[in-house]
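One structure below.
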Amino acid sequence: MNKSPVTAEQMAEQFFQLYGEAPESVWVAPGRVNLIGDHTDYQGGYALPIALPYATWVAARRREDSMVHVATDYRQEHWSLTAQRRQDMIRGPRPLAGLAAFIAAVWEILAVSRGADLWLATEIPVASGLSSSAALSLGLLAAARDWQGAPASSSDLIHQAMQVENDYLGVDSGILDPMAIVLAQQDYALWIDAGKEDARPVAFDYAHDGQCLWVIDTHSPRTLASSGYQERVHETAEACRRLEVCCLSQASLEEVEKIPDPVLRSRSRHVVTENGRVLETVEAAAQKHWDRVKQLFWESHQSLRDDYGVSTPVLDATVARLKELGVGARLTGAGFGGSVIALGAWGDGAVIERELRALYSEQGWDPPGIMPVDHPARGLHRAF
Ligand code: GLA
């Protein structure tokens, strides 16, 4: 993370400089990282994410006319989106792409007729598997919901964010990301039961035990991310049909081991065993058995690599080097590139940095981005 952290005061001040008035609201939508429990949400399973101290910030003010004016901290020029252009996008071919697509989708879903002045800043690295996209949707949805009178329920926001991704942007994503961003609480991990759409904060108090988490952005391309993700969604749906269960989280390990097709069998094995690892992680973290948590991270990575087939050589080499150092590590999120999560002792930071930089330079890869997470951050909230 090269940019300095954003603050609410700064957002309000910059908004004033741009538009000559104070914003009505400043919303903070954090990125998320999943500690364990990947590729389980769309099969009714468990996940254990935290919110990151890196967020997308949305400062907004409603306008009298229907124009949406947009300025961002990553593009020099300001631009505008007319009501006509928004309608044309919504009626035109899908999927939609770019920031304008998020705005058009949110305005459509919430049936917002008036325009707005928007100032957006983000600290979340894009295309790193840290949910920059869901954070942007949620920041915009939250700001636009303020104009609707009734306060937004968490469940509405979560489903509307999924709608932006699934229906408008053509991204096949599950409920994990929006649930994590909306419901995460500071200093806690969020234990999600995707099947019941239920979540509760659970202890993951590594910091008090001299432990630290790092998110390692491998900066490797995620070329197969979309097609590979879709393929896994279809494979697991097919396994459900064959087992005659509504979702794999309802099947036992014994049942999935009897699936004759070897690919469907290993995909299903991952889902069932990963659910078990989430439960064990919750238990081990409650008892502060960090060595056990590290072991579960390695096992999860192995399962995502061998049974689920979503790892890459860069992710594998990163996790292997961290394991040699005694640091718990696994790929996190959808895989096919993106980020690795690591759990080690506070003092390991310098060694991790040195070793990974050496590895990446030996292999001719771009250096990784290493972000310490000293404690889980707060979920979606209004800062102004
Ligand atoms: C992506 C999706 C989530 C989830 C993860 C894998 O982040 O958006 O819904 O399926 O992959 O755990």
Side-chain angles (χ1 to χ4, degrees), residues 29-52 95 102 124-138 157-184 189-195 197 199 215 217-218 222-237 240 247-249 267-268 270-278 281 296-297 299-301 303-305 307-312 315 330-341:
R32 69 94 187 93
V33 72
N34 198 16
L35 299 172
I36 196 160
D38 273 310
H39 289 282
T40 50
D41 63 341
Y42 51 86
Q43 279 303 329
Y46 301 139
L48 194 66
I50 59 168
L52 290 171
F102 286 82
I124 312 172
V126 175
S128 307
L130 304 176
S131 267
S132 57
S133 168
L136 176 57
S137 300
L138 283 161
L157 277 173
I158 289 165
H159 286 279
Q160 285 157 351
M162 278 180 81
Q163 222 181 321
V164 174
E165 302 273 327
N166 301 163
D167 299 352
Y168 294 89
L169 306 177
V171 181
D172 244 333
S173 50
I175 204 162
L176 162 62
D177 307 345
M179 269 185 107
I181 295 171
V182 172
L183 301 174
L190 191 74
W191 177 21
I192 290 180
D193 179 337
E197 292 196 9
V215 174
D217 181 355
T218 63
R222 296 177 74 213
T223 33
L224 276 175
S226 169
S227 58
Y229 188 91
Q230 239 166 13
E231 198 177 57
R232 297 299 173 275
V233 171
H234 291 143
E235 286 166 344
T236 49
C240 285
C247 58
L248 285 174
S249 301
R267 304 296 187 243
S268 309
H270 165 74
V271 176
V272 173
T273 57
E274 185 80 346
N275 278 335
R277 283 185 288 271
V278 173
T281 304
L296 289 159
F297 276 21
E299 286 170 16
S300 168
H301 183 80
S303 176
L304 286 159
R305 181 191 66 197
D307 282 341
Y308 218 65
V310 294
S311 193
T312 63
L315 293 168
R330 56 183 291 281
L331 74 81
T332 178
F336 302 104
S339 296
V340 161
I341 180 118

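In listed order, ligands and their atoms are each counted from 1. These numbers come from a predicted model, not from an experiment.
For ligand 1, the atoms lying closer than 4.0 Å to a non-hydrogen atom of Y229 are 1 (C), 2 (C), 3 (C), 4 (C), 9 (O), 10 (O), 11 (O). Within ligand 1, counting atoms from 1 as listed, the ones closer than 4.0 Å to a heavy atom of H39 are 6 (C), 12 (O). In summary, the atoms of ligand 1 found under 4.0 Å from a heavy atom of Y42, numbered by their order in the structure, are 10 (O).
Classified by interplanar angle (parallel below 30°, tilted 30° to 60°, perpendicular above 60°), the ring pair H270/H39 is perpendicular. Between W191 and Y46, the ring-plane angle classifies as perpendicular under the 30° and 60° cut-offs.
Using 4.0 Å as the threshold, M179 has no heavy atom nearer than that to any atom of ligand 1.
Counting only N and O atoms by type, the side chains of R232 and T236 include no donor and acceptor under 3.5 Å apart. With no hydrogens or angles considered, no side-chain donor-acceptor pair links E274 and T40 at under 3.5 Å.
Protein heavy atom closest to atom 9 (O) of ligand 1, with residue, atom name and distance, is D41 OD2, 2.6 Å. Atom 8 (O) of ligand 1 has as its closest protein heavy atom D177 OD2, 2.8 Å.
Here's the thing with R32: one of its N/O atoms is less than 3.5 angstrom from an N/O atom of ligand 1. Between T40 and ligand 1, not a single N/O pair is under 3.5 Å apart. Among the atoms of G174, some N or O lies under 3.5 angstrom from an N or O of ligand 1. Any N or O atom pair closer than 3.5 Å counts here, and N34 shares no such pair with ligand 1.
Counting only distance, with no hydrogens or angles, the side chain of S132 and the backbone of V126 share no donor-acceptor pair below 3.5 Å.
In this structure, the separation between CD1 on I158 and CG on D177 is 11.5 Å, given to the nearest 0.5 Å. The distance from the CG atom of L130 to the OG atom of S339 is 4.0 Å, given to the nearest 0.5 Å.
The proximity of D38 to ligand 1, defined as any non-hydrogen pair under 4.0 Å, involves the side chain as well as the backbone.
Between L248 and C240 there is a side-chain heavy-atom pair separated by less than 4.5 Å.
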